[in-house]
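The structure appears below as structure tokens.
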Amino acid sequence: MEEVNSSTWRKRIVAVWYRFYFYPEPDPMPRTPMFWIAMGLVTFFVLLFSGFFIFFLTSRNNAYLTGAEDLGIMDQAIWSLTHGQLFHQTICNIVSDTNCYSVVGISRFAIHFEPILFPVSLFYFVWPNPNTLLVIQTLVVASGAFPAFWLARLQLRNELAAAGIALLYLLYPAQQQATVFDFHAVTFTAALLLFTLYFMYTRRTVWLFVFAILSMACKEEIPVIIALFGLWSMLFQHRLRSGGALVLLAIAWIGLVFLSFHIFSPTGHSLLTSRYSYLGNSPLAIVKNLLLHPKTLLKQHVLDPSHRQYLNLLLAPASFLPLLAPWVLVLAVPSIALNLLSSDPNQYTGLFQYNAEIVPILIFATIEALVLILWLVQWGINQYAERSKKPEPAENQNPVALAPSGQPSRWSWTRPVLLGTITGLLLLNIIRLNSTLGTLPYSQGFTWPEPTPHTELAQRFIDMIPPTASVSAQSNLVPHISHRSDIYLFPYDDDRADYIFLDVTGYTYPYFSYPYNVEVKKLLLSGKYGVVAAQDGYLLLKRGLPPPGMSPQTPSLGLPDALPNLPDDFCSFVRVSPKQVTHPLQVDFTATNSSAAGITLIGYSFSAPNTFTVSTRYMQVTAYWRVNTPKLPALQLFALLIGANGKEEYSSNDFPSIAWCPTNTWKPGTILETTSRTLFLGDVPTGLAHVAIALLPLSVPFGTIMAVQDRLPLHIVSAPSTV
């Protein structure tokens, strides 16, 4: 009797086990003409994606629109390996980051464990240029469309729908944002993890381990994802040996990561772990904190508006379908948690490289959600058919009258139509969202990067810097001079570097503009550096040369408004010809204690998206002026954003032309261009917004009631109806 019971229980356990056997070995599909048509479509999408992003990204770099973080960092690290150093880097953000340990520099392995950079560095023996990294990254990311197609084809049993899933991957905004944000090894995982998932699903063990290793080589947290892949394979595929081996490999790799940090990091751990230090001082302390305070962490890091918006940005492009496949979406939990729990808000904006490893799991979950929807519809149809079927005598029943699936043949059209409809709606949704979240030509705020006479002038300054000299340079200049052992992101080492290379018209990261101006002027007046060359906003300084001293035209308002005695050509970026003026008009501004118009606004331009969103919350304002009086006072210029209710929602006086070439130095009869930096806005209310400009005496403090009361009066002589 006991043997019968034991046998019965074993059978029941086996039955339950196989009931949850979600992923048996997939049935192969023949390579029909439709397969080759779909493969042709996917290849066309991949070539189109690759061609566009290669030309776009290399054009951005050639137009000096890339930054020290992280193209300059990665370029220096890989260049150093080809010159006898192990991914040596000296570039870091001394103002607000934690990885500036020493001016001597550190190994890249003290910050991230990215051995994938070893094979990448081989390309530097052929083409040692930061553009090389951008090309490689684009090609690797684009290749992910193929495993997305293969995986969807096997699951959905439909080639055209699978081609739609491949296009969904290429259009995914989070993947595009990772691709365009300079170069990061982790961005490779957008494709490599999709290859890993495909080979895991098709049970091709050797290739599974090859791509699992390649994926883990991209960043230190990827082994956790691979370990989950192994556990998932054990549970849902019943592949105990290969899944277990994948888990053990991931654990061993995690040990290698900790060993690498112990060897290369001066602190014994990654220099970026401070982003999670509020949770605890060790991995065990962090886990303990997570387990003991789940409600607090859930409220602060999941349910608050900024984090909920991040989750929305991740899931909306897939129409939230991944939520229907939680058994797949769980694979992304570690990476999503890493972003949600970080003290660095960049990690949960939906931008940058932080979401590259999440996208392939979202694609897989979307495929599984489609499979679930099709199954539910099929089940419903079968139930309806069973209930509506008229009973027939046994001798008249024809078992061949049903389709192979058991579905009546008259319903066979529902599956391809439903699948095509859902896939089409998915693509329409993501195409729509790309207008605000993506980086495509029709996306809001998109402009094709073009070199300008200003950026072309930079090379003349670069040629003046000896290749072995140490340099502290501005962010957008760093990638173009990073093939040296000692290159720093200004203001790091700006008191000891051989040269300082700046562009006061460029992006001032890691400073905001005001402290940037203070730091540069303090440097010019410190007596340590003299001017090698100054033109069109560029400054090349050399240690030990005579300092420039103070200009006799400087306002007596202290260091922020001090005016170093620089060559006249330095302000050539302000002076323009009449032909360069856009949107002509005439608005006279009257200076204090004067009845005549001291300065006239004669034109303007404005760059901003039609709708401000989380990824397009910026604007840039340009105003063209004609000076009418020989003694124009020192003024400050404001750009204002006014809401529909007339309230000033945002204001900025961030105009480098005013800070470095103040109005009291402008000569009568000249035409001058004042362009703001790219202004990043805060929370903007809904409704129509208006942009305005105002002039104010330099002596009036910013942000006070007087800053509104003392604005210069104006008279509109002629202007379009929109002004």
Nearest non-hydrogen partners of [X] and [Y], listed with the distance:
| X | Y | result |
| --- | --- | --- |
| Leu672 | Arg575 | CD2-CG, 4.3 Å |
| Val621 | Ala639 | CG2-CB, 4.1 Å |
| Ser121 | Thr82 | O-CG2, 3.9 Å |
| Pro119 | Pro115 | CD-O, 3.5 Å |
| Tyr516 | Gln474 | OH-OE1, 2.6 Å |
| Lys521 | Ala659 | NZ-O, 3.1 Å |

Legend entry - ring pair (Phe, Tyr, Trp, His ring centres under 6.0 Å) partners for Phe264, two or more places apart: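 Applying ring pair (Phe, Tyr, Trp, His ring centres under 6.0 Å) to Phe264 gives Phe109.
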Inset, instruction - Identify, with sequence neighbours excluded, every residue that meets ring pair (Phe, Tyr, Trp, His ring centres under 6.0 Å) alongside Tyr538. - result: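 Ring pair (Phe, Tyr, Trp, His ring centres under 6.0 Å) check on Tyr538 returns His454, Phe461.
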If we ignore angles and hydrogens, is there a donor and acceptor under 3.5 Å between the side chains of [X] and [Y]?
| X | Y | result |
| --- | --- | --- |
| Ser470 | Asp498 | yes |
| Asp569 | Ser572 | no |
| Gln580 | Ser577 | yes |
| Trp79 | Ser482 | no |
| Ser80 | Gln76 | no |
| Ser513 | Arg677 | yes |
| Asp494 | Tyr529 | no |
| His112 | Glu220 | yes |
| Thr90 | Asp486 | no |
| Ser657 | Glu673 | no |

Quick one: does any side-chain atom of [X] pair with a main-chain N or O of [Y] as donor and acceptor, under 3.5 Å?
| X | Y | answer |
| --- | --- | --- |
| Asn476 | Gly506 | no |
| Asp75 | Leu71 | no |
| His184 | Tyr354 | no |
| Thr582 | Tyr604 | yes |
| Gln177 | Leu437 | yes |
| Arg626 | Thr600 | no |
| Thr663 | Pro633 | yes |
| Thr452 | Thr455 | yes |
| Thr674 | Ala623 | yes |
| Ser50 | Leu47 | no |

Please confirm whether [X] and [Y] have ring centers closer than 6.0 angstrom.
| X | Y | result |
| --- | --- | --- |
| Tyr488 | Phe501 | no |
| Phe589 | Trp625 | yes |
| Phe87 | Phe118 | yes |

Legend entry - Test side-chain contact (heavy atoms from CB on, under 4.5 Å) applied to Thr670 and Val574, step by step: CA-CA 10 Å; Thr670 55; Val574 182; over 6 Å; no
Inset, instruction - Take Gln89 and Ile111, measure what side-chain contact (heavy atoms from CB on, under 4.5 Å) needs, and give me the verdict at the end. - result: CA-CA 10 Å; Gln89 70 171 71; Ile111 301 173; 3.4 Å; yes
Side-chain contact test, heavy atoms from C-beta onward, threshold under 4.5 Å: evaluate it for [X] versus [Y] and give yes or no.
| X | Y | answer |
| --- | --- | --- |
| Val471 | Ile500 | no |
| Asn517 | Trp660 | yes |
| Leu563 | Pro662 | yes |
| Cys218 | Leu192 | yes |
| Val103 | Tyr492 | yes |
| Pro466 | Tyr499 | yes |
| Tyr124 | Thr132 | yes |
| Phe53 | Gln176 | yes |

Legend entry - More than 12 heavy atoms from other groups under 6.0 Å of CZ on Phe446: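 Atom CZ in Phe446 is crowded, with more than 12 foreign heavy atoms closer than 6.0 Å.
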Legend entry - His83 atom NE2: more than 12 heavy-atom contacts under 6.0 Å: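 Yes, NE2 of His83 has more than 12 neighbouring heavy atoms, counting only those of other groups under 6.0 Å.
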I need the [X] [atom1] to [Y] [atom2] distance, nearest 0.5 Å.
| X | Y | atom1 | atom2 | result |
| --- | --- | --- | --- | --- |
| Ser59 | Ile54 | OG | CD1 | 11.0 Å |
| Thr267 | Phe261 | OG1 | CZ | 9.5 Å |
| Lys542 | Ile465 | NZ | CD1 | 11.5 Å |
| Ser260 | Arg108 | OG | CZ | 11.5 Å |
| Leu117 | Phe188 | CG | CZ | 7.5 Å |
| Ile487 | Leu477 | CD1 | CG | 9.0 Å |

Legend entry - Pair Lys219-Thr189, side-chain contact (heavy atoms from CB on, under 4.5 Å): steps then yes or no: CA-CA 9 Å; Lys219 203 177 178 186; Thr189 60; over 6 Å; no
Inset, instruction - May I have the step-by-step check of side-chain hydrogen bond (donor to acceptor under 3.5 Å, both in side chains) for Asn61 and Thr66, ending in yes or no? - result: CA-CA 5 Å; Asn61 186 48; Thr66 51; 2.7 Å; yes
Inset, instruction - Run the numbers on Ser676 and Asp654 for side-chain contact (heavy atoms from CB on, under 4.5 Å), then give the verdict. - result: CA-CA 6 Å; Ser676 72; Asp654 192 359; 5.6 Å; no
